[in-house]
Structures are given as structure tokens and as C-alpha cells.
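Order of appearance sets the numbers: ligands from 1, and atoms from 1 within every ligand.
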Amino acid sequence: MHERWYKQAAIYSLDVETFQDSNGDGIGDFPGLTSRLDYLARLGVTCLWLNPIHPSPNLDDGYDVADFYNVDPRLGTLGDFNEFVHQACNRGLRVMIDLVVNHTSDQHPWFQEARSDANSPYRDWYVWSNEEPCDRYQGMVFPGHQHETWTWDDVAGAWYHHRFYDFQPDLNMGNPDARAEVRKIMAFWLQLGVSGFRMDAAPFIIELTRPSEPEVRKEFSYLNEFRELMSWRQGDAVILAEANAEKEELVKYFGDGNRLPMLFNFLLNQRTFLALARGEAGPIVSALEAAPAIADLCQWATFLRNHDEVDLGRLSEKERADVFAQFGPDENMQLYGRGIRRRLAPMLANDRRRIELAYSLQFTLPGTPVLRYGEEIGMGDDLRLKERNAIRTPMQWTAGRNGGFSTAAAKALHRPVITGGDYGFETLNVEAQRRDDSSLLHWFERMLHTLRECSEFGVGKCTPLDTGDRAVLAITYEAPGGMMLALHNLGPRARSIDLGEQPGQGGDPFEVFADRSYDAVGPELKAIDVAGHGYRWIRLRDTPGR
Ligand code: NOJ
Ligand code: CA
């Protein structure tokens with residue numbers, strides 16, 4: 001096992017509130033999640049990332065925190081959290097939690113005090129303006145659903161800044177006491193056993209906003225403080241940051257290993273959807289070639305679906321239109337003018353071959369894969385729910401009441417379970433797939449277990465090869481322990497490809513995973529067959545002991 005656990009992890013992201021309810025109140029909770037740890041361990045993931053777990057008015061699904069030092073009583077107690085971490089650890093599963101410190105809820109006592117007393121030490125923890133700011137609308141994250149980024153507060157008699165909704169006032173990271181508090185929050189949860197954090201909204205955390213300056217300043221050096229704190233408190237802890245930023249800026253988030261160790265690869269995510277939409281490998285190859293070199297300690301995280309919309313904001317208009325046309329043609333499937341609020345299975349018309357192709361691709365692209373709960377059984381979405389809630393419905397465990405999520409009356413559920421049709425819990429659930437050897441769940445288990453024997457994908461040097469075919473993506477991964485080849489045919493028609501002269505030739509290729517059984521590949525790597533939407537993982541070299 002590589003010493004840097006996060007480079008060989010498979011991260012599973014879930015929201016406690018929609019995973020498993022244990023006490024029949026319609027809300028998922030920690031005892032419920034704890035009871036599902038064996039399922040997660042068997043699935044083969046190695047780390048759980050929990051969406052916000054703190055007390056919250058819940059106006060943005062917990063991303064509006066009212067107390068950073070507790071768990072929301074709806075989810076359980078700190079004791080339940082502690083028991084959960086212990087039980088996860090017993091099964092070799094690490095735990096990460098969301099660190100949402102760009103802003104707080106407007107109900108947080110800090111904001112309440114700041115707004116009601118101009119002399120309070122908390123006043124400067126937020127970003128205020130006595131005059132109407134020069135641009136009240138600039139930089140909105142939720143266009144169409146958010147009205148402004150500066151809101152007048154009658155209590156304070158001033159304007160406050162908020163990148164997100166108006167109930168999420170931004171903290172002022174220029175204030176040293178606020179910064180010290182953020183360090184204390186991290187230290188608190190590290191002490192309780194988490195292995196790291198998914199950092200929410202990293203680009204805005206480092207912004208120093210002044211009402212009189214339309215151009216915001218970014219203080220990247222602030223990120224060093226996070227790494228420094230973790231290296232003293234828990235050296236192997238990591239931050240996985242949400243930084244959907246300009247390509248040129250990304251390396252500044254990583255630093256030379258002294259800032260944030262992991263970033264979600266948003267660019268690759270968008271280019272992957274473009275590649276899937278067009279049936280061409282090109283968009284992925286260009287994204288890989290354009291990716292900046294990153295320090296040895298650092299790592300990308302790959303994903304297809306998360307708890308938000310698929311953000312296509314960094315594609316050109318034409319490219320975005322192609323993805324919309326294929327995967328989100330109706331207006332109701334689109335969100336914020338830039339994204340798609342659907343799960344992957346419905347985006348791919350529930351075509352099993354394409355679902356496998358997409359996930360095989362994601363899990364072999366460079367970096368650490370992150371999987372959203374429910375994707376392993378091909379869950380659907382509920383477009384009647386507002387904004388991103390469409391993709392946040394309860395996990396479907398059984399064909400029983402509420403899909404086994406909760407014993408509450410259906411109308412008492414925090415969010416409705418998907419019922420009826422191809423994606424309803426009556427037919428689509430863990431129990432049914434457990435009984436069926438050919439199910440998507442079994443496929444995911446096999447894929448994840450195989451991945452754990454192929455650490456090259458997480459740590460190896462990635463080289464896209466010329467396949468001579470627009471539809472076929474071929475990448476080799478070279479690491480001290482061996483060399484892997486991943487082949488993916490994004491098009492519908494079968495192909496046969498020659499890989500030509502390259503360092504992987506001449507060995508004894510051995511297939512470890514594929515969409516079907518293929519003829520063995522010869523050492524010269526010629527005439528390799530890949531079915532339409534097929535994929536093959538081939539070990540080109542094995543160096544045991546390295
Ligand atoms: C990014 C999170 O992923 C999203 O769900 C949330 O609404 C915003 N940050 C605000 O915290
Ligand atoms: Ca509950």
C-alpha cells in the first residue's frame with residue numbers, strides 16, 4: 001500500500017440525511033449510516049466524504065452552518081458521530097467531512113452578534129459596507145436563484161457580502177481571529193478522528209473582498225496555513241478542495257505541496273462529459289495534456305456526478321450545447337444556465353454499456369476517484385424537486401417501505417424516495433441487485449476491487465497514446481510497481497487498434513478487467529479489439545516488491 005493513502009483511495013460521498021434513517025423520523029442519521037458500513041466496506045470504497053453534518057437551518061442542504069463544533073441533532077449526537085468514526089475505522093474506512101468556512105448561516109451566533117453590535121469583535125468577521133457597493137450583482141454563484149452578492153441588513157445598518165445565497169454571509173478571512181477559529185474547527189474534527197476535509201468554495205475563501213474594489217484580490221498564501229495546521233495536528237490528513245478555477249490558477253492552490261494536497265478536477269469532468277456526448281476521446285486527451293504538472297505530494301480527484309449540477313461553465317458555448325443536447329435537452333434538466341441537474345444513469349438513457357464505460361473511464365483517469373452514493377446501483381433523479389435536490393433523493397436499499405430508507409410515513413420523509421418506473425425503489429434497489437450477479441452493483445464491486453490491485457492508476461505517470469482512432473482512448477500508467485494500460489471506446493462501433501512503438505511493448509500483457517471476454521493481447525500491442533462502448537484494463541508490466 002502506498003504511504004500516501006489518498007492517492008490510492010476510492011472516495012464515496014454521501015449525505016447522512018438521505019442515506020439511512022434509524023429511528024423512523026424520516027431523516028437519515030449516524031446510527032443508520034453506521035448500520036450500513038458493512039455494505040460500504042464490501043463495495044470496496046476506502047474513504048467516506050460526508051456532506052455537511054453540522055447544526056444548520058438547512059436552507060442550502062447544510063452548507064449554511066450555524067455551529068461548527070457539533071452535529072445537527074437531526075442526525076444524532078456527537079456521541080453517535082464518534083461511534084460511527086470508530087466503526088468505520090474498524091472496517092478500514094476513513095472519514096472526511098465538509099469544511100464550509102467561506103461563509104456561515106446568517107443564524108450563526110457570530111453573524112447575529114456582528115449584525116447587532118457594530119463594536120462586537122465579531123463585526124469584522126464578516127464583510128461589510130456602509131455605502132452601497134459599486135457592483136451589487138457581480139460574481140453570483142446561483143444566477144436565476146440568487147439576486148445579488150451584497151445585501152442590505154436593517155439590523156446592522158450596512159450591506160454584507162455573500163458569494164452564495166443571502167442567508168450565507170461570507171466570513172472575512174482578512175481577520176486574524178476568524179482565521180484562528182477556522183484552524184480550531186479543523187483541529188477539533190481531526191481530534192475526533194476524521195482523515196481530512198472536503199473544502200467548500202476554496203476560491204472564495206482566499207478572496208479579500210472590498211466594497212469599493214470591483215476586482216477581488218486573492219491571497220493564495222492563506223492556503224499554506226491549512227497544510228501547516230494539518231501537518232502538526234495529523235500529518236496524513238488531507239484537504240480535498242472544491243476549486244472550479246481557471247486552468248492557469250490551479251497550481252497556485254496546490255503550491256509545491258505546501259497548500260492543498262487535492263483538488264477536484266472540474267476541467268476533466270467537463271471534458272469527459274463532452275467526450276461522452278461526442279463519442280470522441282479528443283476532449284479528454286486535450287484536458288490531460290493541458291493539465292499543469294503538480295507536486296509529488298499533490299493529487300487530482302476525479303468525479304462524474306456529485307451533489308451539485310454538472311457544471312459545464314468552462315466549455316465553449318458550442319461544446320456546452322453539444323453536452324446539453326445529449327444529456328440535458330429539457331430546460332428543467334438544466335440549472336444556473338451552465339449545468340445539468342441529473343444523475344448519470346438517466347443522462348445515459350439507462351444504457352448499461354455506457355454507464356459502465358463512463359465509470360470505468362472515470363476510475364482509470366489520473367487521480368483519486370470520488371463516487372456519489374446511489375450511482376453504484378444506477379439511481380435516477382426527481383426533476384420535480386427544486387434545483388439540486390433533484391439528485392439528492394434517499395438511498396434505495398430494498399423494495400420495502402420507502403425503499404428501506406425509513407419506516408416513517410412517506411409524507412414525513414425529509415425528501416421523497418423515487419417511486420415507479422425504471423428508477424423507482426420498487427425495482428431499483430440494493431437488495432434486488434445483491435441477488436443478481438449481473439447487476440450494476442456487482443459490477444461496481446468487481447471494478448472497485450480490481451482497482452485496488454492496480455495502484456498505478458492512482459499514482460502512475462499518465463501517458464495518452466495515439467490510437468489512430470478518434471473514438472478510442474488509450475492511456476498508460478507507469479509506476480515503480482508496474483504499468484497499466486486503460487482502453488476505452490467512446491463510440492458505438494467495435495474497433496481494432498494498434499498502439500505502435502511505446503515503452504509498454506514487449507511484456508506479457510494480462511487483462512484484469514473488461515466489458516466482456518476478449519482475445520488475449522500480444523506483446524507487440526497490435527490488433528487490440530474493443531467493442532462499441534467497450535473498455536479494457538490491461539497490465540503491461542508487474543514489478544512485485546516495488
Ligand atoms: C459548494 C457546494 O458544493 C454547494 O452544494 C453549496 O451550495 C455551495 N458550495 C455553498 O456552500
Ligand atoms: Ca432519523
- request: Give the contacting part of His162 toward ligand 1: side chain, backbone, both or neither, where contact means a heavy-atom distance below 4.0 Å.
  value: neither
- prompt: Do any N/O/S atoms of Ser406 come under 3.0 Å of the Ca ion (ligand 2)?
  reply: no
- prompt: So which heavy atom in the protein is nearest atom 7 (O) of ligand 1, and how far is it from that ligand atom?
  reply: Asp60 OD2, 2.6 Å
message: When you measure from the heavy atoms of Tyr165 to every atom of ligand 1, does any distance fall below 4.0 Å?
response: no
field: Check: His162 ring centroid to Tyr160 ring centroid under 6.0 Å
entry: yes
query: Where's the contact between Phe204 and ligand 1, heavy-atom distance under 4.0 Å: side chain, backbone, both or neither?
result: neither
statement: So the atoms of ligand 1 within less than 4.0 Å of a heavy atom of Arg392 turn out to be 5 (O)
Polar contact flag for Gln168 and ligand 1 (N/O pairs, less than 3.5 Å): no
task: Please find the N/O/S atom of Asp25 nearest to the Ca ion (ligand 2) and write down its name.
output: OD1
query: So, Tyr122 versus His108, ring centres under 6.0 angstrom or not?
result: no
task: Can you sort out which atoms of ligand 1 are near His103, meaning under 4.0 Å from one of its heavy atoms?
output: 10 (C), 11 (O)
task: Under 4.0 Å from a heavy atom of Arg388: give me the atoms of ligand 1 that qualify, with their elements.
output: 4 (C), 5 (O), 6 (C), 7 (O)
task: Going by heavy-atom distance to atom 3 (O) of ligand 1, choose the closest among Asp200, Asp308, Asp98.
output: Asp308
- prompt: Is there a heavy atom of Arg163 sitting under 4.0 angstrom from any atom of ligand 1?
  reply: no
field: Nearest-contact summary for atom 8 (C) of ligand 1 - protein heavy atom, Å
entry: Phe164 CE2, 3.6 Å
Ring centers of Trp397, Tyr373 separated by less than 6.0 Å: no
- line: Numbered in order shown, the ligand 1 atoms found under 4.0 Å of a heavy atom of Phe142 are 7 (O)
field: the Ca ion (ligand 2) - name of the N/O/S atom of Asp29 that sits closest to it
entry: OD2
Working for side-chain contact (heavy atoms from CB on, under 4.5 Å), residues Phe254 and Leu297: CA-CA 9 Å; Phe254 285 119; Leu297 279 170; over 6 Å; no
query: Would you call Arg91 and Asp38 a salt bridge, taking side-chain N to carboxylate O under 4.0 Å as the test?
result: yes
Near-ring test Phe266/Trp300, centroid separation under 6.0 angstrom: no
- prompt: Run the salt bridge (Lys or Arg N to Asp or Glu O under 4.0 Å) check on Glu17 and Arg392 step by step: do they pass?
  reply: CA-CA 10 Å; Glu17 141 186 284; Arg392 297 175 178 180; over 6 Å; no
- prompt: Do any of the N, O or S atoms of Gly24 sit under 3.0 Å from the Ca ion (ligand 2)?
  reply: no
message: One residue to check: Arg198. Relative to ligand 1, which of side chain, backbone, both or neither has a non-hydrogen atom less than 4.0 Å away?
response: side chain
query: Going by distance alone, is a donor N or O of one side chain under 3.5 Å from an acceptor N or O of the other, for Arg314 and Gln270?
result: no
- request: Kindly determine whether Val194 and Phe81 satisfy side-chain contact (heavy atoms from CB on, under 4.5 Å), including the steps that lead there.
  value: CA-CA 10 Å; Val194 305; Phe81 174 79; 3.9 Å; yes
message: Closer than 4.0 angstrom, basic N to acidic O: yes or no for Arg341 and Glu387?
response: no
- prompt: Hey, which N, O or S atom on Asp21 ends up closest to the Ca ion (ligand 2)?
  reply: OD1
Charged N-O contact under 4.0 Å between Arg198 and Asp98: yes
- request: Report the distance from atom CD1 of Ile185 to atom CG of Leu229, rounding to the nearest 0.5 Å.
  value: 11.0 Å
- prompt: Hey, does Glu387 sit under 4.0 Å from ligand 1 if you only count heavy atoms?
  reply: no
